[in-house]
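Below: one structure, written as structure tokens.
From a predicted model like this one, the values you see are computed outputs, not experimental measurements.
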Amino acid sequence: LFFVSEILSSAIRLLPVYFRFPSQICFAIVYFVSRIVFGISVSFTWWKDMISILPNAHVPVWNVYTLMMCNAALNFLNVYWFRAILQLAVGKSEQVRERKTK
């Protein structure tokens, strides 16, 4: 995994500076739409289905609750990672502004 991250970071450094920021913004937008908007809406639908089958489920109830808690944890991680992506983007944009003013 470390090797892959080193290859990707060196590939990003090869991109021209004027191309890096727009690509990072596009990544943040796609991440937000796919993981936050679409992912959480699908999770709510899935949760409603799980709650509706709970009374007459053919699987143990603890199994259903475990799946629901795992789904909630993954949604929380998606929001946490998106927050980290935004903080990184804001930090980099501030660095670019500081360089332009110098």
Linking I/L/V/M/F/W/Y whenever their side-chain heavy atoms sit closer than 4.5 Å, directly or via other members, would F76 and F38 fall into one cluster?
-> no
Between N75 and I36, is any pair of side-chain heavy atoms under 4.5 Å apart?
-> no
Common cluster, L86/Y80, ILVMFWY with side-chain heavy-atom separation under 4.5 Å | yes
Who are the side chain to side chain contact (heavy atoms under 4.5 Å, CB included) partners of I85, not counting sequence neighbours?
-> F27, A28, Y31
Show every donor-acceptor pair shorter than 3.5 Å between a side-chain atom in residues 46-54 and any protein atom, with sequence neighbours excluded, or say none if there are none.
{"residue": "W47", "atom": "NE1", "partner": "N71", "partner atom": "OD1", "Å": "3.0"}
{"residue": "S52", "atom": "OG", "partner": "K48", "partner atom": "O", "Å": "3.4"}
{"residue": "S52", "atom": "OG", "partner": "D49", "partner atom": "O", "Å": "2.8"}

When clusters are formed by joining ILVMFWY residues with side-chain heavy atoms under 4.5 Å apart, either directly or through shared neighbours, do V64 and M69 land in the same one?
-> yes
Using the test ring pair (Phe, Tyr, Trp, His ring centres under 6.0 Å), find all partners of F82 that sit at least two apart in sequence or belong to another chain.
-> F32
Which distance, rounded to the nearest 0.5 Å, do you find between the CG of L77 and the CZ of R35?
-> 10.0 Å
Could you state whether V37 and V79 fall into the same hydrophobic cluster, counting links through intermediate Ile, Leu, Val, Met, Phe, Trp or Tyr residues with side-chain heavy atoms under 4.5 angstrom apart?
-> yes
M68 and F44: same hydrophobic cluster, using ILVMFWY side-chain contacts below 4.5 Å?
-> no
